[in-house]
Amino acid sequence: MAAPSPIDRAPRSRVGILALQGDVREHADAIREIGGEPVSVRLPRDLVGLDALILPGGESTTMRNLIDRYGLREPIRAFADGGAPILGTCAGMILLAARIANGDEPVLGLLDVTVRRNAYGRQLDSFEADLSVPALGAEPLHGVFIRAPVVSELGGGVEVLARDADERPIAVRQGNILATAFHPELTSDRRVHRLLLEMIGQ
Ligand code: GLN
């Protein structure tokens, strides 16, 4: 029998993607592209054995209802407490936030920020912008914003990775929690997903 190649020996990171609603497939493709194994998460038992988790974009009100219907709120919080990295994009950032400015109750409360939903208003419903993200290198990151939130208040331990043209935080990290107001899964730049994989075991 042939000796396993180094690639066979390196375990592939298993990355859960909350698959209740939203742009699940795009995140799965991104994870596959960088050598990870995407796993759909619909029930608490789907979290077992995962190395990381992604909360995709979509509609946070719908996702909030489904998270509660499937009993996922406490299991996801416990998963985060175990230290595994979590990436929330757009609606996913709203799910992670400790406070929501528009008066909604927080969902997971894992990220010490206040977010404002649909912060760019009707005129700028959707737009794209090149962002400076020094933590990901000198090359600008192309951000796709779709009815995006912004961070309106930052807690003490939260690192800002990128800001919009008005200097409002739109990518943040706090320990094992990473969140972007934009959609890194909708472009071909994989640096945000790579960062999530790099955070495994840190
Ligand atoms: N506006 C949506 C919300 O408030 C988020 C939009 C998105 O994820 N693209 O939940």
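This chain uses plain numbering: 1 for the first residue, then up along the sequence. Treat the numbers as computed from the prediction; the structure is a model and nothing was measured. Order of appearance sets the numbers: ligands from 1, and atoms from 1 within every ligand.
Of the polar atoms of Cys90, none of the N or O atoms is found under 3.5 Å from an N or O of ligand 1, judged by distance alone. Any N or O atom pair closer than 3.5 Å counts here, and Ile146 shares at least one such pair with ligand 1. The shortest N/O to N/O separation between Ile94 and ligand 1 does not fall below 3.5 Å.
The side-chain contact (heavy atoms from CB on, under 4.5 Å) with Leu18 is formed by just one residue from the set Ile86, Val24, Ile67; it is Ile67.
Looking at Asp164 and Arg168, a side-chain N of the basic residue comes within less than 4.0 Å of a carboxylate O on the acidic one, giving a salt bridge.
Distances below 4.0 Å separate heavy atoms of Glu59 from the following atoms of ligand 1: 2 (C), 3 (C), 10 (O). Proximity to Ser60 (heavy-atom distance under 4.0 Å) selects the following atoms of ligand 1: 3 (C), 4 (O), 10 (O). Atoms of ligand 1 found under 4.0 Å from any heavy atom of Gly57 (numbered from 1 in listed order, with element): 8 (O).
Taking a 6.0 Å sphere around CD of Gln202, one finds it holds more than 12 heavy atoms contributed by other residues, nucleotides or ligands.
At least one donor-acceptor pair under 3.5 Å links the side chain of Arg73 to the backbone N or O of Val107.
For atom 9 (N) of ligand 1, the nearest non-hydrogen atom from the set Met93, Met63, His183 belongs to His183.
Residue Arg147 touches ligand 1 through backbone and side chain together, judged by heavy-atom distances below 4.0 Å.
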Does the salt bridge (charged side-chain N to carboxylate O under 4.0 Å, His left out) test come out yes or no for Arg147 and Glu59, once each step is laid out? CA-CA 10 Å; Arg147 288 176 289 107; Glu59 179 53 48; 3.5 Å; yes
